[in-house]
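The structure appears right after this line, and notes come after that.
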Protein chains: 2
Amino acid sequence: MMSTDVNKPAAAVRPTKQRMAVARILESFADFRSAQEIHAMLTAAGETVGLATVYRTLQLMAESGDLDVLRTEDGEAAYRRCSATHHHHLVCRSCGATVEIEGPAVERWAEAISAEHGYTEISHTLELFGTCASCR
Amino acid sequence: MMSTDVNKPAAAVRPTKQRMAVARILESFADFRSAQEIHAMLTAAGETVGLATVYRTLQLMAESGDLDVLRTEDGEAAYRRCSATHHHHLVCRSCGATVEIEGPAVERWAEAISAEHGYTEISHTLELFGTCASCR
DNA sequence: ATCGGTTTGACAACGGTTCTCATTACGAAT
DNA sequence: ATTCGTAATGAGAACCGTTGTCAAACCGAT
């Protein structure tokens with residue numbers, strides 16, 4: 001094996017103590033958390049990792065595709081460990097519970113409509129927000 | 001007539017000089033601009049409207065559905081006058097040119113998939129970013 | 001152990017947005 | 001027109017998430 005290992009954050013990235021701590025804590029939850037929340041969790045867990053380092057690590061991991069990023073409705077970034085495939089999320093507005101969803105049809109639609117208007121190098125953001133069953 | 005008039009920003013909102021100035025400037029462009037850009041345009045046009053007022057007016061108008069809002073990829077809010085129907089946007093990453101798109105299929109898909117997971121009161125964000133033909 | 005490039009952490013700086021609050025404008029009633 | 005109660009404004013401070021700075025600590029190959 002050579003990547004996507006819990007104890008080895010990313011490819012050419014040095015597996016430092018703090019990066020491993022971040023990677024590890026990311027395994028402990030399944031929904032989206034902000035950088036600050038993650039930093040707080042680390043601190044609470046007795047790890048001493050600087051806030052700046054958390055931010056840096058998070059964006060490193062996001063860039064190398066190890067992490068999902070989404071912008072909450074008020075513009076903050078939230079992170080979550082990533083399952084390799086491209087997908088979107090259905091997030092509960094009040095408790096944050098997340099369901100990973102796939103929409104091959106949407107992907108195709110996005111590609112098609114973009115091409116139709118002469119746009120290339122398409123990327124898209126798609127998030128669903130709602131109230132989940134137990135928060136009803 | 002009674003609403004959606006250029007000179008009467010919103011329903012129970014007082015049509016003040018500055019609100020009208022904001023509404024008017026919004027008619028002068030068709031793509032998305034940030035609150036600060038809009039404020040700068042107003043100032044450049046000789047209108048004296050405070051930045052805070054621009055922010056307040058913009059979010060008022062957005063709430064009452066007179067404006068489209070979108071979050072750029074780096075989390076800032078951008079506004080644009082709104083065509084009444086629900087729709088999404090295909091935005092050029094380099095010049096900001098915007099194409100308004102509709103995706104009834106996507107709407108239906110979003111509803112369906114949310115219901116399927118027991119989520120209610122669904123809202124969604126969907127934006128496409130790409131490079132337009134003339135920026136190629 | 002040593003050395004050179006990485007990474008870290010504390011804290012300052014930033015940029016967008018929101019808040020505060022005294023002042024002003026609105027518009028309904030007089 | 002004048003008055004009055006309320007909503008709106010503006011200037012600036014405050015906020016908050018995020019990014020930058022830079023000296024000190026760390027990693028790992030030698």
Side-chain angles (χ1 to χ4, degrees), chain A residues 2 5 7-25 32-64 66-80 96, chain B residues 2 5 7-25 32-64 66-80 96:
Chain A
M2 56 163 300
D5 178 346
N7 295 322
K8 301 204 178 84
V13 189
R14 282 194 197 161
T16 64
K17 194 178 316 180
Q18 22 287 80
R19 301 224 247 240
M20 285 167 63
V22 171
R24 212 175 316 113
I25 211 103
F32 286 87
R33 302 291 170 86
S34 72
Q36 314 236 21
E37 283 174 320
I38 291 171
H39 176 248
M41 294 176 76
L42 283 166
T43 303
E47 310 272 5
T48 57
V49 184
L51 179 56
T53 301
V54 172
Y55 272 103
R56 282 184 292 238
T57 304
L58 251 18
Q59 46 200 38
L60 265 183
M61 294 177 75
E63 272 162 31
S64 57
D66 295 332
L67 239 49
D68 274 344
V69 196
L70 79 73
R71 290 265 166 197
T72 60
E73 283 177 323
D74 50 296
E76 309 168 56
Y79 302 84
R80 186 187 123 140
Chain B
M2 57 161 296
D5 179 346
N7 295 322
K8 303 205 179 81
V13 189
R14 283 194 197 163
T16 65
K17 196 177 314 182
Q18 22 288 79
R19 300 222 249 238
M20 284 167 65
V22 171
R24 212 175 315 114
I25 212 100
F32 287 87
R33 303 291 169 85
S34 72
Q36 315 237 19
E37 283 174 320
I38 291 170
H39 176 247
M41 294 176 76
L42 284 166
T43 304
E47 309 272 6
T48 56
V49 184
L51 179 56
T53 300
V54 172
Y55 272 103
R56 282 185 291 236
T57 303
L58 252 18
Q59 47 201 36
L60 265 185
M61 294 178 74
E63 272 163 30
S64 57
D66 295 332
L67 240 49
D68 274 344
V69 197
L70 78 73
R71 290 267 165 196
T72 60
E73 282 177 324
D74 50 298
E76 310 168 54
Y79 302 85
R80 186 187 122 139

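Lettering of chains follows the sequences in order, A, B, ..., and the numbering in each one begins at 1. Only this structure's heavy atoms are used, side chains among them; waters, hydrogens and symmetry mates stay out.
Tested against Glu47(A), the residues Gln18(A), Arg24(A), Lys17(A), His39(A) include a single side-chain hydrogen bond (donor to acceptor under 3.5 Å, both in side chains) partner, Arg24(A). Checking Val54(B), Leu51(B), Val49(B) one by one against Ile38(B), the side chain to side chain contact (heavy atoms under 4.5 Å, CB included) holds for a single residue, Val54(B). With Tyr79(B) as the partner, the side chain to side chain contact (heavy atoms under 4.5 Å, CB included) test is satisfied by one option alone out of Asp66(B), Asp68(B), Val22(B), Val69(B): Val69(B).
The listed nucleotides are dC26(C), dT18(D), dG10(D); the one nearest the side chain of Glu76(A) is dT18(D). Ranking dG27(C), dT17(C), dT18(D) by closeness to the Pro15(B) side chain, first place goes to dG27(C). With distances taken from any side-chain atom of Ala52(B) to the nucleotides dT9(D), dG12(D), dT18(D), the minimum falls on dG12(D).
Regarding contacts with the backbone of dT18(D), a side-chain N or O of Tyr55(A) is found under 4.0 angstrom from either OP1 or OP2. Residue Thr53(A) has a polar side-chain atom (N or O) positioned under 4.0 Å from OP1 or OP2 of dG9(C). For dA8(D), the OP1/OP2 oxygens have a side-chain nitrogen or oxygen of Arg19(B) closer than 4.0 Å.
Among the heavy atoms of the strands lying under 4.0 Å from Gln36(B) is at least one base atom, whether or not backbone atoms are also near. Residue-level contact check: Gln59(B) touches the backbone only, with heavy atoms under 4.0 Å from sugar-phosphate atoms and none from bases. No contact: Ser34(A) has no heavy atom under 4.0 Å from any strand.
In the interface, the side chain of Arg56(A) is paired with the base of dG9(C) through a donor and an acceptor atom under 3.5 Å apart.
Separating the CD atom in Glu76(B) from the CG atom in Leu70(B) is a distance of 10.5 Å, to the nearest 0.5 Å.
Going from atom CD of Glu37(A) over to atom C1' of dT18(D) covers 15 Å, rounded to whole Å. Computed from coordinates, the Glu63(A) CD to dT19(D) C1' distance equals 13 Å when rounded to whole Å. Remark: P of dG17(D) and CG of Leu70(A) are 16 Å apart, rounded to the nearest angstrom. Rounded to whole Å, the distance from CD on Gln18(A) to C1' on dC26(D) is 9 Å. Following rounding to the nearest Å, Lys17(A) (NZ) and dT6(C) (P) show an atom-to-atom distance of 21 Å. For Arg71(A) and dG17(D), the CZ to P distance is 13 Å, given to the nearest whole Å. Going from atom NE2 of His39(B) over to atom P of dG10(D) covers 8 Å, rounded to whole Å. Counting to the nearest Å, the P atom of dA8(D) and the CE atom of Met20(B) are 15 Å from each other.
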